[in-house]
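Beneath this line is the structure, given in structure tokens, with notes to follow.
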There are 2 protein chains.
Amino acid sequence: MEQYQDRLDGLFQALADPTRRAVIGRLGEGPASISELARPFGISLPSFMKHIHSLEESGWIRTRKQGRVRTCALEEAPLAAVQSWLSAQRALWEGRTNRLEQFVTAQGQEHPE
Amino acid sequence: MEQYQDRLDGLFQALADPTRRAVIGRLGEGPASISELARPFGISLPSFMKHIHSLEESGWIRTRKQGRVRTCALEEAPLAAVQSWLSAQRALWEGRTNRLEQFVTAQGQEHPE
DNA sequence: GTGATACTTAGCCTTATGGAACAGTATCAA
DNA sequence: TTGATACTGTTCCATAAGGCTAAGTATCAC
């Protein structure tokens with residue numbers, strides 16, 4: 001998972017588009033072919049392929065071609081990498097609010113009513 | 001938090017840049033002024049301001065100007081919104097792997113050694 | 001072999017992004 | 001009131017993003 005921590009730019013960039021988030025959502029249910037994935041979206045296949053490439057390059061999915069069909073599958077590690085970054089932010093935030101609470105409490109004890 | 005679910009494009013887009021992720025990290029420790037935030041980065045102030053604007057427009061931070069100093073503070077809701085989307089993906093993924101396990105187990109019981 | 005299927009490549013267009021420089025405004029400190 | 005500080009506004013630039021069409025390649029089914 002560590003190797004994904006320095007690829008957060010691409011991982012987040014990939015999530016910034018609703019088409020790509022939907023593809024990730026679909027692939028969470030299991031692998032699928034390109035045209036199967038593309039069907040729900042009203043865009044041309046070449047345009048859709050760009051999304052697939054960006055998902056593959058960023059690391060979100062892996063693909064494999066057998067015959068004329070390319071099958072896409074979700075990778076597991078990026079989800080963990082991204083969640084890990086967010087958890088760290090959450091921890092920072094909560095650490096700070098805890099310290100704030102302690103500060104306020106301490107002030108209250110220094111200057112009681 | 002719900003109002004952030006349809007703003008995921010912007011929230012993720014904002015996270016796709018290391019400067020902006022660093023700003024969010026810094027603000028997790030507490031509010032700071034623009035120039036205080038900009039100091040660690042070797043870019044011009046107007047360029048840095050663009051990052052601040054994109055963080056504010058996407059909803060990650062709020063800012064307030066008093067005198068000549070603009071102070072920035074982290075919002076809490078976006079973190080929850082983003083984590084919630086990721087958790088949903090995780091749940092999908094794990095639901096699927098669970099079903100796969102059950103399938104494999106069932107197969108094993110149908111065709112025991 | 002021929003036609004249909006499933007991509008794939010190439011090129012074009014428009015808008016967005018992330019950087020820069022330079023000049024301007026508003027406040028604060030002396 | 002004058003100089004320094006802290007932004008802010010404007011304009012420019014190069015590259016990337018996300019869409020399109022048209023044409024190409026490789027399989028598969030007959």
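The sequence lines fix the lettering, A, B, ..., with proteins before strands; numbering per chain opens at 1.
- Which of C/dG19, D/dT21, C/dA21 sits closest to the side chain of B/Pro46 comes down to C/dA21.
- With a 4.5 Å cut-off on side-chain heavy atoms, A/Leu79 and B/Gln89 count as touching.
- A donor N or O paired with an acceptor N or O is found under 3.5 Å between the base of C/dA20 and the side-chain atoms of B/Ser47.
- The distance from atom CE of A/Met49 to atom P of D/dG24 is 19 Å, rounded to the nearest whole Å.
- Ring planes of A/Phe48 and A/Phe41: parallel class, angle under 30° (limits at 30 and 60°).
- If you take NZ of A/Lys65 and C1' of C/dT5, they are 11 Å apart, rounded to a whole angstrom.
- Nucleic acid contact for A/Ser44: base, since at least one base atom lies under 4.0 Å from a heavy atom of the residue.
- Between A/Arg20 and the phosphate of D/dG18, there is a side-chain N or O to OP1/OP2 separation shorter than 4.0 Å.
- The phosphate of C/dT5 (OP1 or OP2) has no side-chain N or O of A/Ser35 nearer than 4.0 angstrom.
- With distances taken from any side-chain atom of A/Val69 to the nucleotides D/dG9, D/dA6, C/dA6, the minimum falls on C/dA6.
- Side chain of B/Arg64 to main chain of B/Ala73: no donor-acceptor pair is present (N/O by atom type, distance under 3.5 Å, no hydrogens or angles).
- Counting non-hydrogen atoms under 4.0 angstrom, B/Ile34 reaches the backbone sugars and phosphates but no base.
- Atom CD in A/Glu57 sits 9.5 Å away from atom CZ in A/Arg7 (nearest 0.5 Å).
- With rounding to whole Å, A/Gln66 atom CD is found 12 Å from D/dT27 atom P.
- Per the geometry, NE2 belonging to B/His53 stands 15 Å off C1' belonging to C/dT17, to the nearest Å.
- OP1 and OP2 of C/dT17 both lie 4.0 Å or more from every side-chain N or O belonging to B/His51.
- We find that CD of A/Glu56 is positioned 14 Å from C1' of C/dC7, with the value rounded to whole Å.
- Distance A/Asp17 CG to C/dT15 C1': 14 Å, rounded to the nearest Å.
- With the nearest nucleotide of DNA chain D identified for both A/Thr19 and A/Arg68, A/Thr19 has the one nearer the 5' end.
- In this structure, A/Ile43 atom CD1 and C/dT14 atom P are separated by 19 Å, rounded to whole Å.
- Among D/dC20, D/dG18, D/dC12, the nucleotide with an atom closest to any side-chain atom of B/Lys50 is D/dC12.
- In this structure, B/Leu45 reaches the bases: a heavy-atom distance under 4.0 Å links it to at least one base atom across the strands shown.
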One pair to check against side-chain contact (heavy atoms from CB on, under 4.5 Å): A/Thr63 and A/Ile34. What are the steps and the verdict?
CA-CA 9 Å; A/Thr63 76; A/Ile34 299 277; 5.7 Å; no
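- OP1 or OP2 of D/dT8 sits under 4.0 Å from a side-chain N or O of B/Arg70.
- Residue A/Gln13 contributes atom CD, which lies 9 Å from atom C1' of C/dT17 at whole-angstrom precision.
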